[in-house]
Amino acid sequence: MAYLSDPKETIAVLQRYHFNFQKKFGQNFLIDGHVIEKIIAAAGIGKDDVVLEIGPGIGTLTQRLCEAAGDVVAVEIDRNLIPILTGDTCKDYKNLRIVSGDIMKTDIPALLAPYGDRPVKVVANLPYYITTPILMKLLEDRLPIESITVMVQKEVAERMETGPGTKDYGALSLAVQYYSEPYLAANVPANCFMPRPNVGSAVIRLTVHDTPPVSVKDERKMFALIRASFNQRRKTLVNGIGNAAELSYTKEQVAEALEKLGMPATIRGEALTLADFAALSDALEE
Ligand code: SAM
């Protein structure tokens, strides 16, 4: 069987089907076998695993996933790709289910129900236009997922991994770190894709926590505080939270809560750890 990680094979498939890349779907297909092996290794896939792949494209990563995993279910939005996957590049894999649809509108628990209690790992070369919404859906909905190993834009991977006091630190870092443990597995240059994206890429693995590393009385409120704190990055927390339309705290209440926690009233969101935001949220609740 011909592997699509060989660029010649990818070109042959694209020509056979007169395939036109759809920019609106973030289509940058992998054409590098080493990168595919790095993704498989970072995800730590074994024969007991069920893999959910988002956006299989013409099936480059899917082929290797089917060989490494027990079962693979792949959700693809572009209907033009479905016959290529099912009738050609991935037709011989008995452990593969291709689903035509938008992952954002997919009922993931129902999709995974046939696999019972088996561990599920998400693996994907994500469409970059929708990276954050996809990851937040997977994490916030508390889906039965063990880990998420994905190719993303390099800057986005850095934002997910970084801690307080850096320019990349923000709402995404805190959300990702509340639900999971990020690990940056590899940097990937643009020439590993067809067509080449005009940004650098990275493979990141998020190992999903059984329980979050901090406890907070009202998770939703804490994330509203976090969003308000980073919406206006340059403002102090007192002003950022005090002015936020989605919250109803006065500046005095915020200053009082900060004082109670031993933090100066001039502090900015970028200085607070996840534990600090949890404590602030609880203090404001009181
Ligand atoms: N996995 C392939 C590879 O590595 O070569 C393709 C990766 S490409 C970066 C992203 C893929 O996600 C495309 O096939 C695109 O059509 C698909 N896609 C984009 N938006 C999607 C969505 N909302 N739901 C499911 N698939 C989507």
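We count ligands from 1, going down the list as the structure has it; atoms in each ligand are counted the same way.
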J.: Would you check whether Gly55 has a nitrogen or oxygen atom less than 3.5 angstrom from a nitrogen or oxygen atom of ligand 1?
T.: yes

J.: Which of the atoms of ligand 1 are close to Gly26, meaning less than 4.0 Å from one of its heavy atoms?
T.: 8 (S), 9 (C), 10 (C)

J.: With a cut-off of 4.0 Å, which atoms of ligand 1 are near a heavy atom of Asn28?
T.: 7 (C), 8 (S), 9 (C)

J.: Using every non-hydrogen atom in the two residues, find where Gly240 and Lys235 come nearest and quote the distance to one decimal.
T.: N-CB, 4.2 Å

J.: Note the single closest protein heavy atom to atom 18 (N) of ligand 1, along with its residue, its atom name and the distance in Å.
T.: Ile77 CG2, 3.5 Å

J.: With atoms numbered from 1 as shown, which atoms in ligand 1 lie under 4.0 angstrom from a non-hydrogen atom of Val75?
T.: 25 (C), 26 (N)

J.: What atoms in ligand 1 come closer than 4.0 Å to a heavy atom of Leu126?
T.: 9 (C)

J.: So, do Phe29 and Phe21 have ring centers that fall under 6.0 Å from each other?
T.: yes

J.: Between Lys167 and Glu270 (salt bridge meaning N to carboxylate O under 4.0 Å), is one present in this structure?
T.: no

J.: To check your reading of the model: name the closest protein heavy atom to atom 19 (C) of ligand 1, its residue, and the distance in Å.
T.: Phe25 O, 3.1 Å

J.: Return yes when Tyr129 approaches ligand 1 closer than 4.0 angstrom through a heavy atom, no otherwise.
T.: yes

J.: In terms of atom number and element, which parts of ligand 1 are under 4.0 angstrom from non-hydrogen atoms of Gln27?
T.: 13 (C), 15 (C), 16 (O)

J.: Look at atom 5 (O) of ligand 1 and say which protein heavy atom is nearest, naming residue and atom and giving the distance to 0.1 Å.
T.: Leu30 N, 2.9 Å

J.: Is the Phe277 ring parallel, tilted or perpendicular to the Phe230 ring (thresholds 30°, 60°)?
T.: tilted

J.: Which atoms of ligand 1 have any heavy atom of Asp102 under 4.0 Å away?
T.: 22 (C), 23 (N), 24 (N)

J.: Run the numbers for me: atoms of ligand 1, each under 4.0 Å from some heavy atom of Asn125, listed by number.
T.: 3 (C), 4 (O), 7 (C), 8 (S), 9 (C), 10 (C)

J.: Can you tell which of Ile241, Ile226, Val216 makes a side chain to side chain contact (heavy atoms under 4.5 Å, CB included) with Leu280?
T.: Ile241

J.: Is the shortest N/O to N/O distance between Ile103 and ligand 1 below 3.5 Å?
T.: yes

J.: Under a 3.5 Å threshold, yes or no: a donor from one side chain and an acceptor from the other, between Gln232 and Asn239?
T.: no

J.: Students should be able to answer this: which protein heavy-atom is nearest to atom 2 (C) of ligand 1, and at what distance?
T.: Pro56 O, 3.3 Å

J.: Ignoring hydrogens and geometry beyond distance, is a side-chain donor-acceptor pair present between Asn187 and Lys154 at under 3.5 Å?
T.: no

J.: Which of the atoms in ligand 1, numbered in the order shown and given with their element, are less than 4.0 Å from a heavy-atom of Gly101?
T.: 24 (N), 25 (C)

J.: Yes or no on side-chain contact (heavy atoms from CB on, under 4.5 Å) for Ile39 and Arg64, after CA distance, side-chain angles and deciding distance?
T.: CA-CA 10 Å; Ile39 297 173; Arg64 281 294 291 120; over 6 Å; no

J.: When you measure from atom 16 (O) of ligand 1 to each heavy atom in Glu76, Glu53, Gln22, which option holds the nearest one?
T.: Glu76

J.: Please answer: with hydrophobic residues joined when any side-chain heavy atoms are less than 4.5 Å apart, are Leu30 and Ile130 in the same cluster?
T.: no

J.: Apply side chain to side chain donor-acceptor pair (under 3.5 Å) to Thr62 and Glu53, showing your working.
T.: CA-CA 7 Å; Thr62 323; Glu53 188 189 9; 2.6 Å; yes

